[in-house]
Protein chains: 2
Amino acid sequence: MSALQDRLERPDAAVARGVTGGVEPGDDGPPACSIEQALQLVGDRWTMLILRDAFRGIRRFDEIRRDLGTPRAVLAERLRKLVDAGILQRRRYQEHPPRDEYRLTDMGRELSPILVALMHWGDRWLQDAGPPTVLVHEPCGTDVHLGFHCPACGVDFGPLEIASRPGPGARP
Amino acid sequence: MSALQDRLERPDAAVARGVTGGVEPGDDGPPACSIEQALQLVGDRWTMLILRDAFRGIRRFDEIRRDLGTPRAVLAERLRKLVDAGILQRRRYQEHPPRDEYRLTDMGRELSPILVALMHWGDRWLQDAGPPTVLVHEPCGTDVHLGFHCPACGVDFGPLEIASRPGPGARP
DNA sequence: CAAGTCGGTTCGGAAAGTGAACTGAGATCC
DNA sequence: GGATCTCAGTTCACTTTCCGAACCGACTTG
């Protein structure tokens, strides 16, 4: 039985020590868990949708606002936060009148697996008419597959074969 | 130049027609975009953290509450929502006193790529001391790799090689 | 029978989200 | 050259959600 299977089945499991989290009494500094830290930046409905738009090539204030219907104040605040975090970059695209747009940085572009994973999950469980959009590997046109792969074994696998261990940045 | 590269570079791009989204004037029914639909269920900081805990084997009300510090009312509401959606299942684990726990369904378990993608991104961009936790392929102990893979070409690739097309469930 | 645990609900105040109106720089129209 | 338009916000009043603390009821343990 795999480690995840174990966690899924054992009612009294105190397993999975690896993933740190929770708010300890003397809570100082950022949370140890990367998921929690990531969510502090992008774990918000509007933020995620803004990023989806960025991947779609929608990057001007009013364009985003029209597309999503985000209240202006919220959009301005979220864009500020994303720029401060280094996920978006504000760039002048014309001088007269001066206009800026928000484009993904490398940091932002690497969020794509998260968006793709959300999309695949939504396709599979929420869309009964079939996926409204499919992503393809452009050179060949084959449907994009996002999954766990082991370079050592050369196999694809599912969540049940995953185990977690403390990493180099683990805290005492 | 790839389709995504195109969207990323062209300032006037009206590309990426595939991914549908936005709120059309006579907005009826669920959004066409799977990302948006998925976010309506799991696009919330607490919800994501509750799910992270579920993967860690934390599944009782008070256990979650202690771990995350979620206000009771919020936790109760989120769990209700997740159960209604079919992501968690409420299951009696003892009769005296009657106690239930919340465990992942298949639908919930398939959220793992989203959590893993969040974790990897957080590890890479937010944790300068190195990842606090690493996920390994249990049979061999190698670090888990989550990525885009093309079964036809047999290669791994990045977001720049992705193109989007209307799928079978696309709307007119 | 008193105290404790688990899984909630209820409540009042604080924070965040929301739509509408306003601003201000520049372009365009007539 | 004045009126209007666009873009990218800010400000404001109002509503919704969140939050922490208190309470509750079923059951167990001492």
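Every heavy atom of this structure was used, including side-chain atoms; hydrogens, water molecules and symmetry mates were not.
The CZ-C1' distance, from A/Arg65 to C/dA20, rounds to 11 Å in whole Å. Atom C1' of nucleotide C/dG24 and atom CG of A/Asp100 are separated by 15 Å, given to the nearest angstrom. What separates CD of A/Gln94 from C1' of C/dA25 is a distance of 12 Å, to the nearest Å. Atom CG in A/Leu68 sits about 15 Å away from atom P in C/dG17, given to the nearest Å. Summarising the geometry, the separation between CD1 on A/Ile64 and P on D/dT6 is reported as 19 Å, rounded to the nearest angstrom. One interatomic measurement links the two molecules: CG of A/Leu75 to C1' of D/dG9, which rounds to 10 Å at whole-angstrom precision. Rounded to an integer number of Å, the gap from NZ of B/Lys81 to P of D/dT17 is 11 Å. In this entry the distance linking CG of B/Leu79 with P of C/dC6 reads 16 Å, nearest Å.
Put simply, B/Tyr102 has no side-chain N or O that comes within less than 4.0 Å of OP1 or OP2 on C/dC6. OP1 or OP2 of C/dC6 has not a single side-chain nitrogen or oxygen of B/Arg92 nearer than 4.0 Å. For D/dA8, the OP1/OP2 oxygens have a side-chain nitrogen or oxygen of A/Tyr93 closer than 4.0 Å. Residue A/Arg80 has a polar side-chain atom (N or O) positioned under 4.0 Å from OP1 or OP2 of D/dT10.
Using a 4.0 Å heavy-atom cutoff across all strands shown, B/Arg45 reaches no nucleic acid atom at all.
Taking all atoms of both residues into account, the shortest heavy-atom contact from A/Phe157 to A/Ile162 is CE1-CG1, 3.9 Å.
Contact check on B/Glu101 versus B/Arg103 returns a salt bridge, with a Lys/Arg side-chain nitrogen under 4.0 Å from an Asp/Glu carboxylate oxygen. With respect to the salt-bridge test (charged N to carboxylate O, under 4.0 angstrom), the residues A/Asp53 and A/Arg56 qualify.
Both the sub-6.0 Å distance and the 45° axial angle are satisfied by B/Arg60 relative to the ring of B/Tyr93.
Between the OG atom of B/Ser34 and the CZ atom of A/Arg52 there is a distance of 10.5 Å, given to the nearest 0.5 Å. Interatomic distance, NZ of A/Lys81 versus CG of A/Asp44, reported as 6.0 Å (0.5 Å rounding).
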Please list each protein N or O that sits under 3.5 Å from an N or O in nucleotides 19-21 of chain D, with the distance.
residue	atom	partner	partner atom	Å
D/dC19	OP2	B/Trp46	NE1	2.8

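Checking D/dA26, C/dG8, D/dT10 against the side-chain heavy atoms of B/Ala76 singles out C/dG8 as nearest. Of all nucleotides listed (D/dT28, D/dT6, C/dG26), C/dG26 comes nearest to the side chain of A/His96. Taking the side chain of A/Phe61 as heavy atoms from C-beta on, and the options C/dG8, D/dG9, C/dG26, the nearest nucleotide is D/dG9.
Position along DNA chain C of the nearest nucleotide to A/Glu95 versus A/Glu77 favours A/Glu77 as the more 5'-ward residue.
In summary, the aromatic rings of A/Phe148 and B/His145 are positioned with their centroids too far apart to meet the 6.0 Å limit.
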